[in-house]
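The structure under discussion appears below in the form of structure tokens.
Every chain is numbered from 1, with letters handed out A, B, ... down the list of sequences.
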Amino acid sequence: MTNVAPVIKVENLTHVYSPGTPFQVVSLDGISLEIMKGELFALVGSAGSGKTTLVQHFNGIIAPAKGKVWVCGVDVSDKNKRRDLWRKVGLVFQRPEQQLFEETVFDDVAFGPRNMGLGKDEVLGRVKEALQVVGLKIDEIGTISPFRLSGGMRRRVAIAGVLALRPDVLVLDEPAAGLDPRGRRQLMDHVENFRYERGVTVVLVTHSMEEVALRADRVAVLHKGRLAMGGTPREVFNRVVELRALGLDVPAPAGLMHKLRAAGRRVRTDVLTIDEAREEIAMILGEGS
Amino acid sequence: MLSSITFGQFMPGDSLLHRLDPRTKVVGVLAVAASVLAAANWIGFALVAGLTLVAVLQSQLPAKVYISGLRAFWVIFAITFIVQAFLTPGEILAGLGPLKITQEGLETGGRIFLRLALLVLVASLLTLTTPPVNLAAGLESMLSPLKRLGVPAHELAMMMTIALRFVPILLQEAETLVRAQRSRGAAFVTGGPAGWARGLLPLFVPLFAGALRRAEDLATAMEARSYRGGANMTRMMSLRFGLPDYVVLTLTAVVLAGVVASRFL
Ligand SMILES: Nc1ncnc2c1ncn2[C@@H]1O[C@H](COP(=O)(O)OP(=O)(O)OP(=O)(O)O)[C@@H](O)[C@H]1O
Ligand SMILES: [Mg+2]
């Protein structure tokens with residue numbers, strides 16, 4: 001955030017699935033946004049709002065049909081450059097555990113580094129590190145078949161497979177969906193550690209507003225393919241009425257503050273965490289006595 | 001893109017063709033296919049092509065759908081045409097070393113091309129305008145007289161419904177997998193045949209694993225709702241013939257008769 005060059009710049013991006021058929025869906029409609037180097041940028045929106053379609057533009061998987069996308073200064077419409085983008089932008093797909101295919105966990109995580117043409121030692125080093133980042137030990141599960149692991153473990157292995165690319169930008173499409181609360185928190189902690197250690201930019205697609213409140217620097221709200229809101233979590237979660245109209249909610253502390261305000265209490269409504277909420281409540285209790 | 005392969009995928013609509021009884025469409029398609037194969041001269045071809053064109057226009061689906069359906073088969077079209085053009089003996093038009101294009105070759109090639117294109121169009125007309133469930137209901141009802149001979153009509157129809165239902169889902173899944181593995185640098189086709197086989201593993205292993213999981217879930221879900229096979233099943237919609245069905249059946253019969261008759265002109 002000290003360095004304010006946009007790593008990803010999207011200008012007036014529009015995407016239509018199956019154009020010209022009865023199945024036509026406008027999944028992105030004139031999106032413009034900038035993601036800065038080193039920040040954690042969250043993307044929220046109800047199901048089908050176009051989040052996945054948008055992030056798949058970031059590593060060249062989908063070519064921009066209308067509008068422009070620059071990633072690390074490279075114009076993505078250039079086909080040859082687009083093809084090499086996967087080395088810079090690691091994209092963890094939705095439900096990535098369904099993409100495991102190798103016989104052992106080690107081979108699966110090594111798939112990306114091997115495709116980069118790295119040497120044996122380098123591959124080993126990266127696999128070890130990537131597994132460590134998601135809290136797994138190579139000696140314990142390296143030789144196990146990924147199909148024998150639990151769903152949550154498989155998810156972590158799949159994420160390690162992308163981390164092993166050592167990307168400059170890490171894009172995560174609902175990485176914690178379907179995990180238990182502790183698994184969720186741990187996974188997000190792993191991601192944040194990785195971010196601080198390597199200084200990578202993180203784009204996080206999520207349905208958890210608490211996660212956004214706690215971890216994001218900025219957040220964009222998609223609605224039916226359009227950019228409905230954008231700003232810091234504090235700014236966005238203060239617009240509770242608009243958010244609810246889009247089928248979204250605010251984190252519980254912010255919701256509580258809005259209720260208190262509606263009941264005539266003079267509290268700040270732009271709170272994000274439970275601690276901030278406690279301070280506000282303590283304040284009005286102090287006033288009352 | 002894989003999921004943009006629309007051949008055979010049902011497209012909702014409200015045309016006459018969409019509203020016909022599925023049995024009419026099955027019989028009609030068989031009759032038109034027979035006419036395509038029976039056509040021997042330009043009168044015959046004009047009759048079938050005319051009928052097919054009317055049906056295509058009637059379906060009110062965008063031309064793009066049909067063109068992309070035809071395009072999926074262009075390799076087969078091209079190969080058969082070229083083989084015919086070069087290998088049919090007759091009056092030589094042009095030569096390229098031992099390869100010679102003959103007048104007769106061009107004619108046979110053209111005829112075969114026309115036949116294949118018409119067959120593809122007619123077949124796609126059926127599946128484009130009929131929801132899989134209705135198609136299965138139609139086939140089941142047409143096969144049911146064979147039940148007494150031990151033909152499992154209901155089971156066949158159910159298998160077909162499920163298979164047709166799974167095709168778009170699997171295509172969608174395959175597309176996601178291609179994208180996901182490409183994000184890790186997968187090059188699916190590299191080197192010789194061995195490289196090909198190895199390169200496709202990242203696609204097919206998860207695809208089959210997913211298909212098996214789905215199949216298991218579906219079986220559980222069906223049993224949980226007391227599905228026990230054909231014996232006591234009834235359909236939500238019963239099939240009924242209307243005036244348009246009789247008109248369409250008569251029309252296809254007339255065309256078939258016309259085509260057969262034109263052979264003797
Ligand atoms: N391969 C595809 N073919 C056709 N339409 C698609 C395809 N993928 C997505 N869509 C459509 O595009 C729209 C946006 O989908 P997208 O997957 O980007 O949404 P999303 O915000 O990621 O939703 P979710 O929270 O459910 O993951 C949806 O209406 C969806 O039906
Ligand atoms: Mg999504």
Side-chain angles (χ1 to χ4, degrees), chain A residues 16-25 52-53 55-63 82-103 107-118 145-147 151 154 158 160-165 167 171 173, chain B residues 1-7 9-15 18 59-69 128-129 131 168-188 190 195 197-214:
Chain A
V16 183
Y17 279 109
S18 327
T21 71
F23 298 120
Q24 171 170 324
V25 180
T52 298
T53 313
V55 298
Q56 289 188 355
H57 281 87
F58 294 169
N59 79 336
I61 289 295
I62 305 182
R82 193 168 67 228
R83 224 180 251 157
D84 261 351
L85 224 49
W86 63 271
R87 294 163 190 267
K88 284 189 178 166
V89 182
L91 175 52
V92 177
F93 275 62
Q94 224 164 336
R95 288 182 295 284
E97 63 275 15
Q98 294 180 1
Q99 292 135 24
L100 302 173
F101 70 97
E102 283 282 13
E103 281 168 52
D107 285 329
D108 215 291
V109 179
F111 182 64
R114 281 177 183 152
N115 286 331
M116 295 175 112
L118 301 172
S145 159
F147 293 98
R154 287 216 298 268
V162 173
L163 296 180
L165 301 170
V171 184
D173 196 347
Chain B
M1 238 39 16
L2 279 166
S3 64
S4 60
I5 296 176
T6 44
F7 180 74
Q9 201 179 333
F10 170 64
M11 298 225 162
D14 190 34
S15 69
H18 283 88
S59 74
Q60 292 173 7
L61 296 173
K64 209 172 169 174
V65 171
Y66 293 99
I67 293 167
S68 77
L128 278 170
T129 63
I169 295 176
L170 284 180
L171 281 175
Q172 176 94 54
E173 222 148 77
E175 189 180 326
T176 306
L177 281 168
V178 166
R179 288 177 174 181
Q181 310 296 27
R182 225 176 238 156
S183 298
R184 294 201 282 160
F188 293 101
T190 43
R198 177 97 196 122
L200 288 174
L201 281 182
L203 174 58
F204 282 113
V205 171
L207 193 61
F208 285 136
L212 286 177
R213 197 181 48 236
R214 255 175 218 291

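- Minimum heavy-atom separation, A/D108 to B/R184: O-NH1, 2.7 Å.
- Contact annotation for B/A209: only side-chain heavy atoms (C-beta onward) come within less than 4.5 Å of a heavy atom of chain A.
- At a 4.5 Å heavy-atom cutoff, B/A187 makes no contact with chain A through either its backbone or its side chain.
- Between chain B and the residues A/V162, A/L85, A/I62, the most heavy-atom pairs under 4.5 angstrom are made by A/I62.
- Neither the backbone nor the side chain of A/Q94 comes within less than 4.5 Å of any heavy atom in chain B.
- Two residues are said to be in side-chain contact when any heavy atoms from C-beta on lie closer than 4.5 Å; B/V205 and A/E103 fail this criterion.
- Not a single salt bridge (Lys or Arg N to Asp or Glu O under 4.0 Å) links A/R83 to another residue, sequence neighbours left out.
- Neither the backbone nor the side chain of A/D84 comes within less than 4.5 Å of any heavy atom in chain B.
- Residue B/R182 holds its CZ atom at 13.5 Å from CG of A/L91, rounded to the nearest 0.5 Å.
- A pairwise comparison of heavy atoms in B/S183 and A/W86 identifies O-CB, 3.4 Å as the closest pair.
- Contact of A/L100 with chain B is made through the backbone alone, with heavy-atom distances under 4.5 Å.
- Every ring-ring contact (aromatic ring centres under 6.0 Å, His included) that A/F111 has, sequence neighbours left out, goes to A/F101.
- The backbone N or O of A/Q99 sits less than 3.5 Å from a side-chain atom of B/Q181, completing a donor-acceptor pair.
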